[in-house]
Amino acid sequence: MARRPSPCNGRCCPRHVPLTRAKQSPEGQPMRVSRYFLPVLRENPAEAQIVSHRLMLRAGMIKQQSAGIYSWLPLGLRVLRRIEEIVHEEQQRAGHIPVLMPTIQSADLWRESGRYDDYGEEMLRITDRHKRDMLFGPTNEEMITDIFRAHVNSYKDLPLTLYQIQWKFRDEIRPRFGVMRGREFLMKDGYNFDLTKDDALHAYNRHLVTYLRTYERMGLQAIPMRADSGPIGGEDTHEFLVLADTGESEVFYDSELTQLTFGDREIDYDDPAACRAVLEEFTSRYARTDETHDPDEFARIPEARRRQARGIEVGQIFYFGTKYSEPMGATVVGPDGQRVPVHMGSHGIGVSRLLGAIIEASHDERGIIWPEGVTPFHVGLVNLKQGDSSTDSACDAIERELQARGMTVLYDDRDERAGAKFATMDLIGLPWRITVGPRGLAANKIELTSRRSGQTVEMAPQEAIAHLAELYEPVFARSFRG
RNA sequence: CGGAGCGUAGCGCAGCCUGGUAGCGCACCUGCUUCGGGAGCAGGGGGUCGGAGGUUCGAAUCCUCUCGCUCCGACCA
């Protein structure tokens with residue numbers, strides 16, 4: 001994480017030591033509710049119809065600025081960043097390389113691919129002061145192809161997969177459901193460039209594996225389903241659907257699929273057979289959205305395993321061959337000296353939408369329940385008697401020790417009643433809460449409460465800290481932060 | 001884009017039909033009491049009634065236009 005440079009570069013004066021001393025990421029800094037910006041709402045905003053939208057507004061995560069356009073408030077931003085982090089890690093683990101392309105693109109690129117006219121009203125078109133046609137990118141196939149053709153000429157530079165996490169704009173006719181169907185949304189979009197169709201299909205399969213890992217780390221079960229290619233075009237495509245009653249897509253699947261998990265198994269991303277095996281494992285059973293549903297084939301599944309449900313689309317992978325490389329001249333010279341268009345695919349994860357999807361999949365009547373992998377803070381700390389010297393100093397010490405073990409803590413140090421603090425913690429959904437009161441503390445006991453189960457266990461502070469450290473160990477182990 | 005509806009204090013709403021000093025709850029501020037699941041009492045601050053035009057002695061209220069937002073449908077990460 002970038003460290004803010006002090007004006008003197010930390011060399012001249014001791015006062016700057018505390019700044020440069022921050023070895024941990026900014027997330028590791030003490031965060032106290034009294035000093036934070038957490039504008040929670042007690043009542044449901046009228047405009048929010050579905051639970052994730054309501055909870056995001058109530059928990060002070062987002063503020064709507066316009067139809068389908070949101071500001072991200074601190075708590076929401078933290079989760080968004082966590083999700084981005086996981087996406088980055090899983091992409092890079094597979095050897096995919098991050099780039100960042102602009103949100104505003106020139107119309108000329110899109111004229112080359114023919115999509116400037118094809119894309120329609122959903123593309124936000126802008127004219128600059130010189131009357132040049134520009135657009136706010138709804139996706140980036142053209143631009144990445146332009147980058148590729150400018151710099152890559154030989155098959156020896158392949159395979160190559162570039163990706164970014166960047167804001168997109170699609171001028172939806174009817175934005176709704178908060179961040180689930182916004183007009184401006186954060187998306188990871190990746191593009192693979194390969195010499196042959198086989199190589200490109202390996203990239204496709206490899207992405208499927210990275211996506212399975214990515215969603216699982218976020219506490220989601222996302223089922224790959226055969227899908228329609230839509231305006232991206234292409235021959236092969238799967239969508240990843242999270243099952244939720246509020247999903248926009250109707251889905252049909254074999255219930256055996258929900259038993260599958262990728263887990264922590266090791267995989268060699270450069271091994272086509274290994275990736276192919278995962279694809280087969282996860283896509284051989286029937287799973288379709290309404291777009292591609294085939295009732296006859298569905299009927300062949302034993303009746304007890306047939307499921308019809310609703311799902312939220314959280315990602316999609318495409319293989320589209322030379323659809324863009326050909327018209328745009330993205331070619332490489334092959335081993336035989338011939339110049340050939342590269343085989344491409346693109347792969348998207350709806351990063352901002354995932355917040356909605358996770359909440360839809362994980363909440364109760366009191367609020368959000370964050371999976372450990374994406375929680376904005378690892379632990380919530382509630383001081384039941386603010387101002388009492390014993391509880392205050394116990395909380396300070398617990399906060400410090402949790403942080404020393406790499407956990408982020410949101411310490412509710414407000415001078416509020418217990419009920420208000422509990423209600424806030426439940427609403428914002430931190431998976432674990434430590435409660436410190438004078439009564440328990442007299443016996444060297446604090447409480448550790450699971451947001452998900454609601455179960456509370458009394459124990460010594462040290463015990464709770466060790467327990468939490470152990471609990472988060474696998475979460476940390478999956479990330480690069482080490 | 002077709003259909004339905006809503007814009008009144010930061011949030012949730014009443015008032016509009018039948019025109020006459022802009023209200024309630026939460027939140028916020030002060031004080032006292034309270035203190036393990038969104039406390040009580042007392043006091044206080046805050047509103048261009050989305051905007052423009054019109055009717056009228058007088059408009060949050062009636063009329064016209066306009067902007068914004070939400071919901072249902074057809075499209076999509």
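Note that the coordinates shown come from a computational prediction; the quantities given were computed from them, not determined experimentally. In what follows, every chain begins at residue 1, and chains take the letters A, B, ... in the order their sequences are listed. The analysis underlying the following values was restricted to heavy atoms, covering all of them including side chains, and did not include hydrogens, waters or symmetry mates.
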Legend entry - Spacing of the C1' atoms in U61(B) and A14(B) (rounded, Å): 13 Å
Legend entry - Donor on one side chain, acceptor on other, S362(A) and R452(A), under 3.5 Å: yes
Inset, instruction - Pick base, sugar-phosphate or nothing for G182(A), based on heavy-atom distances below 4.0 Å to the nucleic acid. - result: base
Inset, instruction - Check the distance between A77(B)'s C1' and I83(A)'s CD1 and give it to me in whole angstrom. - result: 13 Å
Legend entry - Residue A67(A), side-chain atoms from C-beta onward, closest of C75(B), G36(B), C69(B): C69(B)
Inset, instruction - Give G348(A) one of three labels, base, sugar-phosphate or nothing, depending on what nucleic acid heavy atoms sit under 4.0 Å from its own. - result: nothing
Legend entry - Basic-acidic side-chain contact under 4.0 Å: K188(A), E90(A): no
Legend entry - A77(B) base stacked by F185(A) (centroids within less than 5.5 Å, tilt under 30°): yes
Inset, instruction - For U18(B) and A27(B), measure between their P atoms and round to the nearest Å. - result: 38 Å
Legend entry - Length of the CE-C1' vector between M123(A) and A77(B), whole Å: 17 Å
Inset, instruction - State whether Q49(A) places a side-chain N or O below 4.0 Å from either non-bridging phosphate oxygen (OP1 or OP2) of C71(B). - result: no
Legend entry - Distance, rounded to the nearest Å, where L41(A) contributes CG and C28(B) contributes P: 12 Å
Inset, instruction - Considering only atom P, compute the distance from C65(B) to C13(B) and round it to an integer number of Å. - result: 28 Å
Inset, instruction - Determine whether Y319(A) and H207(A) make a side-chain contact, defined as any pair of heavy atoms from C-beta on separated by less than 4.5 Å. - result: no
Legend entry - Closest nucleotide among G38(B), A77(B), A74(B) to the R58(A) side chain: G38(B)
Inset, instruction - Please state the P separation for the pair U55(B) and A60(B) - nearest whole angstrom. - result: 16 Å
Inset, instruction - Look at the side chain of I173(A) and decide which nucleotide, out of C26(B), G36(B), C1(B), has an atom nearest to it. - result: C1(B)
Legend entry - Residue pair T283(A) / L208(A), side-chain heavy-atom distance below 4.5 Å: yes
Inset, instruction - Name the nucleic acid region contacted by Q64(A), choosing base, sugar-phosphate or nothing; use a 4.0 angstrom heavy-atom cut-off, strictly under. - result: sugar-phosphate
Inset, instruction - Using whole Å, report how far CG of D171(A) lies from P of C1(B). - result: 11 Å
Inset, instruction - Considering only atom P, compute the distance from A4(B) to G54(B) and round it to an integer number of Å. - result: 30 Å
Inset, instruction - Would you list the pairs meeting salt bridge (Lys or Arg N to Asp or Glu O under 4.0 Å) in which at least one residue belongs to residues 306-320 of chain A, sequence neighbours left out? - result: none
Legend entry - Residues Y191(A) and Q164(A): side-chain donor-acceptor under 3.5 angstrom: no
Legend entry - Side-chain H-bond candidate by donor/acceptor type, H347(A) with N192(A), under 3.5 Å: yes
Inset, instruction - Round to the nearest Å and state the distance from D412(A) atom CG to G38(B) atom P. - result: 15 Å
Legend entry - Same-atom distance (C1') from G38(B) to C28(B), integer angstrom: 16 Å
Legend entry - Strand partner of C1(B), provided both Watson-Crick or wobble distances fall under 3.5 Å: G73(B)
Inset, instruction - Side chain of A423(A) only, please: which of G38(B), C69(B), A74(B) is the nearest? - result: G38(B)
Inset, instruction - Please tell me which of E291(A) and P45(A) maps to the more 5' nucleotide of RNA chain B, matching each residue to the nucleotide holding its nearest heavy atom. - result: P45(A)
Legend entry - Residue matched to C26(B) through Watson-Crick or wobble contacts both under 3.5 angstrom: G10(B)
Legend entry - Partners meeting ring-ring contact (aromatic ring centres under 6.0 Å, His included) with F136(A) (sequence neighbours left out): F169(A)
Legend entry - Distance in angstrom units between E47(A) CD and C72(B) C1', rounded: 18 Å
Inset, instruction - For G12(B), take OP1 and OP2 only and decide whether either is under 4.0 Å from a side-chain N or O of R42(A). - result: no
Legend entry - Minimum-distance nucleotide (side-chain atoms of F177(A) versus C75(B), C13(B), C71(B)): C71(B)
Legend entry - Sugar-phosphate, base or nothing in reach of E172(A), heavy atoms under 4.0 Å: base
Inset, instruction - Would you mind telling me which of G37(B), G12(B), C69(B) lies closest to the side-chain atoms of S66(A)? - result: C69(B)
Shorter than 3.5 Å, N or O on both sides, protein versus nucleotides 43-49 of chain B: list them out with atom names.
none

Inset, instruction - Between Q65(A) and S249(A), name the one whose nearest nucleotide on RNA chain B is closer to the 5' end. - result: Q65(A)
Inset, instruction - Taking atom P in both G23(B) and G44(B), compute the distance separating them and give it to the nearest angstrom. - result: 14 Å
Inset, instruction - Check whether any side-chain N or O of T424(A) sits under 4.0 Å from OP1 or OP2 of G38(B), and answer yes or no. - result: no
Legend entry - Strand partner of C41(B), provided both Watson-Crick or wobble distances fall under 3.5 Å: G31(B)
Legend entry - For E89(A), the option from R213(A), R478(A), R217(A) that meets salt bridge (charged side-chain N to carboxylate O under 4.0 Å, His left out): R217(A)
Inset, instruction - Just call it for R183(A): base, sugar-phosphate, or nothing, with non-hydrogen atoms closer than 4.0 Å on any strand. - result: nothing
Legend entry - Nearest-angstrom distance from the residue atom CE of M56(A) to P of C11(B): 18 Å
Inset, instruction - Counting Watson-Crick and G-U wobble pairs only, both distances under 3.5 Å, name the nucleotide matched with G47(B), or none. - result: none
Inset, instruction - Could you please name the partner base of U61(B), counting Watson-Crick and G-U wobble pairs only when both distances are under 3.5 Å? - result: none
Inset, instruction - Check whether any side-chain heavy atom of V314(A) sits under 4.5 Å from a side-chain heavy atom of I349(A), and report yes or no. - result: no
Inset, instruction - Return the value, rounded to whole Å, for the distance between atom CZ of R417(A) and atom P of A39(B). - result: 5 Å
Inset, instruction - Select base, sugar-phosphate, or nothing to describe what A418(A) touches, counting heavy atoms under 4.0 Å on all strands. - result: sugar-phosphate
Legend entry - Sole residue of D415(A), D412(A), D392(A), D413(A) in side-chain hydrogen bond (donor to acceptor under 3.5 Å, both in side chains) with N383(A): D392(A)
Inset, instruction - Quick one: label V382(A) by what it contacts on the DNA or RNA (base, sugar-phosphate, nothing), any heavy atom closer than 4.0 Å. - result: nothing
Inset, instruction - Under 4.0 Å between any heavy atoms, over every strand shown, what does D189(A) touch: base, sugar-phosphate, or nothing? Just pick one. - result: nothing
Inset, instruction - Determine whether any donor atom in the side chain of E416(A) lies under 3.5 Å from an acceptor atom in the base of G38(B), or the reverse, and answer yes or no. - result: no
Legend entry - Spacing of the C1' atoms in G7(B) and G51(B) (rounded, Å): 11 Å
Legend entry - Distance test, side-chain N/O of R174(A) to OP1/OP2 of C71(B), below 4.0 Å: yes
Inset, instruction - Can you figure out which of G37(B), G36(B), A77(B) approaches the side chain of R353(A) most closely? - result: A77(B)
Legend entry - Centroid-centroid distance, Y472(A) to H378(A), less than 6.0 Å: yes
Legend entry - R176(A) side-chain proximity, nearest of A39(B), C11(B), A74(B): A74(B)
Legend entry - Selection from A77(B), G12(B), C75(B) that lies nearest to any side-chain heavy atom of M187(A): A77(B)
